[in-house]
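Every value quoted in this text rests on a predicted model; they were computed, and no experiment measured them.
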There are 2 protein chains.
Amino acid sequence: MVTANKIRNLVATGVATMMLTVSMAVHADDGSCLWLRQAALGSPQITLDAKASPTTDIAVKELVQAWRGGTVTLQTVRKKGMKVDAFTVTIRGGVTTVSSPSDIGLLYGAYHLLRLQGMGSIAEALAGKEDFTVTETPFHDIRVLDHWDNLDGNSERGYAGRSIFWNMQADGTNDVGRITNNPLHNAMYMRANASLGINGAVLNNVNASPQMLTLGVLDWVRQYADVLRPYGIKVYLAVNFSSPVVLDKLKTADPLDKDVQRWWKQKVKDIYRLIPDFGGFLVKANSEGQPGPMDFGRTHADGANMLARALRPYGGIVMWRAFVYSPTDPDRAKQARLEFEHLDGKFLDNVIIQIKNGPIDFQPREPFNPLFGALHETSCMAEFQITQEYLGQSNHLAYLGTMWQEFFEEVDRYAGYTPYQQQSRYNAISGVANIGTDASWCGHPLAQANWYAYGRMAWNPHLDAESIAKEWVAQTFLSSEGSDVLSTVVDMLMRSREAVVDYEMPVGLHHQFGDSHYAPGPWQDMPGVRRDWLPVFYNQADASGIGFDRTAATGSGNTAQYPDEFYRLIEDVNTCPDKYLLWFHHVPWNHRCQSGRTLWEELCFRYQHGVDEARDMQRQWNSLQGQIDPDIFKDVQVRLMTQARDAEWWKDGCLLYFQTFSRMPLPDYVDPPVHTLEECQKARLNVGLYRSPTREELNRQR
Amino acid sequence: MVTANKIRNLVATGVATMMLTVSMAVHADDGSCLWLRQAALGSPQITLDAKASPTTDIAVKELVQAWRGGTVTLQTVRKKGMKVDAFTVTIRGGVTTVSSPSDIGLLYGAYHLLRLQGMGSIAEALAGKEDFTVTETPFHDIRVLDHWDNLDGNSERGYAGRSIFWNMQADGTNDVGRITNNPLHNAMYMRANASLGINGAVLNNVNASPQMLTLGVLDWVRQYADVLRPYGIKVYLAVNFSSPVVLDKLKTADPLDKDVQRWWKQKVKDIYRLIPDFGGFLVKANSEGQPGPMDFGRTHADGANMLARALRPYGGIVMWRAFVYSPTDPDRAKQARLEFEHLDGKFLDNVIIQIKNGPIDFQPREPFNPLFGALHETSCMAEFQITQEYLGQSNHLAYLGTMWQEFFEEVDRYAGYTPYQQQSRYNAISGVANIGTDASWCGHPLAQANWYAYGRMAWNPHLDAESIAKEWVAQTFLSSEGSDVLSTVVDMLMRSREAVVDYEMPVGLHHQFGDSHYAPGPWQDMPGVRRDWLPVFYNQADASGIGFDRTAATGSGNTAQYPDEFYRLIEDVNTCPDKYLLWFHHVPWNHRCQSGRTLWEELCFRYQHGVDEARDMQRQWNSLQGQIDPDIFKDVQVRLMTQARDAEWWKDGCLLYFQTFSRMPLPDYVDPPVHTLEECQKARLNVGLYRSPTREELNRQR
């Protein structure tokens, strides 16, 4: 048994550093402490009734630092049928016990206890007025963050600075300090993930460099694995299918080639020698120019299984992405199912097919990918995008909890809840991280809520978005139930994603982005470019109407790929929900929507509503002045200004463009445009894949 | 007697050109035809019962081109007491007679007849159902346009292109074609002025080049005089007081020096030899760096009288400007009265003191200059600014009829109506023109209404702004009473100037302009610069409140310069109208305004109201799509967009700046700012004196 005092001596330096961080935050908050800001009042008594380990040390440290109740006992238990990382929190007579079969379960339990404290949920129990008990069992076993980070330090679609992992020095070494000993970020990356139960990290971009698998780089991966291990986080790597050819001059990367198979076996062996608990590979193959088995006439299954065979002896897995859209079918929304359905049953059991939530590409709103529910003998996992590639990046507020809740509910209702797990060995989920070297980690200070929400839903997809938002706000702003800050920020978060949908893709009108997936570009049309990269392909706007006909009756037939109940709902233009109308149908301008408005009116109403919502979020935030740290307040305030202006830009550009087809006037409820169509069409941001446009760049173009 | 047919033969070519202009306008209207767009249906019978002259030729031509009624007779009459350019229009039994003592009166009468036709006012009379008669007598005898045009072709504070008069060619000649034979502008400048009764034009900038008085330039002036003469328009020149020194190396320009006096006498003689009906001189002396008699220890009277003596033998006049603010008193608003009051009675009777309507400098709203009413033995004239130097220039809609009506009413009520004329020989008025080489003459297509309104009020200051707006719209858009275009555009015009007041200088908070007198700059403060050029000097914002204390009790004493009734109204902070509150008082932020709102709330309300009005004007204009020529429609539409954005820029910049003093929150009715204070402060337009910023330049700064 180790008492808090002993621990304090053991980790005195570390604790002191952490306390300093917390107290700094009070004066000039840079957001770096995320949602881990609670501070103990005295010296809490923490008792460890378990074998001490680096992991239990962390659990004790966290409680010593932040727990404000009576004695807590951390206790390992054996309980039949209990998942190894599940835990139980019990409060009886004011005395608290956290129990779990594993030390990582104890750590999760400790964080959960602090979350309950932060939410004010256990005040009565701690006062001895009632008993409290809860058992938390993770729904997904594998809960992974995908970092689309490159060895050169850029992060593709990362809008919060540079990679936290890859920071090459002039001498060819990699500075791992961003993770391990940056004072502001001290252990924060691991602590934050562990507090949510995130237990895996893919350390590099799916557009993977073969260099990742050189021994030099693998040794840095090992260093990260060593640092992440006590927090229960496994490392994974995205691999380039051509690695054997590029790194060791093999003649082919054909997965059926013996030399290739031998190369991968040896590479995996090398990895596991360095990292015995290495998680496995993530593969983007035969997608957007990446190499893959189909280059050699093989199938996705041939490729994935070759890697899976190499990893299986060590317990490693292959996450094989289904984000494919080779132009065999004119409708990209159909491609994943077309390519993968016929391979069902052909994948080894340590292969998981990783499927983006929707069938196009991380739009503000998509129906679920029809591949969900179509594979019955293959493990599948959803891929969410936490970083807001198409949702205003780090300039706009867009809380994605509501989007993911919508996905889970829809896939549950129409495809049977996470049916892809029925016969599969693995139950997994992944999210493309929004994390970078910005002090506040995620660019937009409120975008931390998306990291938080992803972690919470990875643990438990039944949690509702609003409860999660409350948790995040309560802990991040140390605000309690009933406070203005809590109710206001939660309300802002809850309306934010729908606001973005309104001004970027109302009524299901998707992929209308210009440069950098940021600005409006519904007019974009370039000769020689794949049609399904172009906004005009998706809007199909003409004098007769607008929208992409995906019906079985007259369109691409994508609707028929869905389960029956959903198919019937969306196939009929009269029952298809307004939110998906232009996703599945080409509709006349005067079509009567379910809202009662004509299609043109509905578009006008929605674009305007997006602008109004952006303005209202400004009002809400401004009302909190004085109740939020001034630096954070100002930072968010200016981003909300940018969002409001961008919303108007989207509204003006899209409505003026579509008006050239509809030839209908703007209803009175639409603010008259303040941008000309020509100005919107002329705008060029040119900011590349790695960052959001700055306000100055936007000023020059608007 | 000359019939229409004869005239048609005489002027066939000219008429054909004019008809072409009118018919072109139907297809692609560039606004160049101003309010002279009516076209005859057949061949009207026009009878001249007077001695034919170039002026009566024009009268007949105009009627031939545009009259749609029965026979018109133009008839000279002698009528005792009738001013020479007055006229009577009579319709009896459907037969129309225009009579006047002079041929210019007949021309004015012809234009008035067409105006009545355009307004639909005489339809019954023309149908023989009733008799109609009206006698029109001009209130002001001298009705002058001041063109602030330079010999290099620029027009100071001219926002509609370049000078229409000065267009030097490589060979050193001046192309007078812009006035005389530009096909689009064929005689239009003269016709437009004559249609309003404007009878004088100062052809150059008050910041005058001595070169204007060289014989070469005077010969071009002669050419203009010859062209303008048949339309009843005299030419005047602005002169530089140092001309004798600069042009002929005299040792001094001292007005009491005999050589100087001789020089001017000779110069005037030269002028009248070329131009027997030359109007006279306009002088800006000892003002903003211009030379003047005070440089030699003499008075304004000494200087003006010296010139007046030279001009008197020929009937010429001196218009001597009272726009002076040498820093002898810290309050610039007092200076004109301080410098001129004691000289009353010392000016020769062909000197007129020309006084800007307000005491500062053409702000969107000013109380009348206290010099009005203070001179009892000296002729005075008001100087209006038709060009919108401080009212959004040619980017914003600001109909000034309402401003001038307000001036006339106020000076009437509190100083006795135009009392400056009681003992004076001359009754005059001047307006700084908004005319340039733009096809539509005035930059903003709707800014033509200001040229029109100035002319109408110069003729008759009792006309109300709304009636004049109706006249202009009816004739310019050929729209009739009851039409959407008429009612909508008139309403836009009528609210437009107050909208600009709201977003540029609410509650009397004047001179808050930054660069180019266009953008907001309330924070502008530069060491070494005259305090009374700086916005901070005028707003005096601090923690205690805002506004310029001009009271007699505690301030500059400017209030005491006003007549008693007005003094009592404005001296007391509780009776001072809100519109002048911060003009005359420094007021605490929580002062209760007459509106019932606190001062801070009132400022917020007004700035927001300006934005809302700008948006509403957009809505109004947009509702007319299809009823207005598409080119003009689009041009105005984009300018209104700019105005709406600028209004928001003003609101954001000013409120955020003043909020640093008031430390009060923005009320809910204020749209949350979308510009940061820092952005507004950083903006630099750098467009000089000669043009408005373009939309592109504005885009870069907002």
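Counting heavy-atom pairs under 4.5 Å between each of A/Ala644, A/Pro672, A/Gly626 and chain B puts A/Pro672 at the top.
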Between chain B and chain A, identify every pair of one donor and one acceptor N or O atom lying under 3.5 Å apart.
from	atom 1	to	atom 2	distance (Å)
B/Arg615	NH1	A/Glu648	OE2	3.2
B/Arg615	NH1	A/Pro672	O	3.0
B/Arg615	NH2	A/Glu648	OE2	2.6
B/Gln618	NE2	A/Pro673	O	2.8
B/Arg619	NE	A/Asp668	O	3.2
B/Arg619	NH2	A/Asp671	OD1	3.3
B/Lys634	NZ	A/Glu678	OE1	3.4
B/Arg645	NH1	A/Val674	O	2.9
B/Arg645	NH2	A/Arg702	O	3.2
B/Glu648	OE2	A/Arg615	NH1	3.2
B/Glu648	OE2	A/Arg615	NH2	2.5
B/Asp668	O	A/Arg619	NE	3.2
B/Asp671	OD1	A/Arg619	NH2	3.3
B/Pro672	O	A/Arg615	NH1	3.0
B/Pro673	O	A/Gln618	NE2	2.8
B/Val674	O	A/Arg645	NH1	2.9
B/Val674	O	A/Arg695	NH2	2.7
B/Glu678	OE1	A/Lys634	NZ	3.4
B/Glu679	OE1	A/Arg695	NE	3.3
B/Glu679	OE1	A/Arg695	NH2	2.5
B/Glu679	OE2	A/Arg695	NE	2.5
B/Glu679	OE2	A/Arg695	NH2	3.2
B/Glu679	OE2	A/Asn699	ND2	3.2
B/Arg695	NE	A/Glu679	OE1	3.3
B/Arg695	NE	A/Glu679	OE2	2.5
B/Arg695	NH2	A/Val674	O	2.7
B/Arg695	NH2	A/Glu679	OE1	2.6
B/Arg695	NH2	A/Glu679	OE2	3.2
B/Asn699	ND2	A/Glu679	OE2	3.2
B/Arg702	O	A/Arg645	NH2	3.2

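When heavy atoms are compared at a cutoff of 4.5 Å, A/Pro665 does not approach chain B at all.
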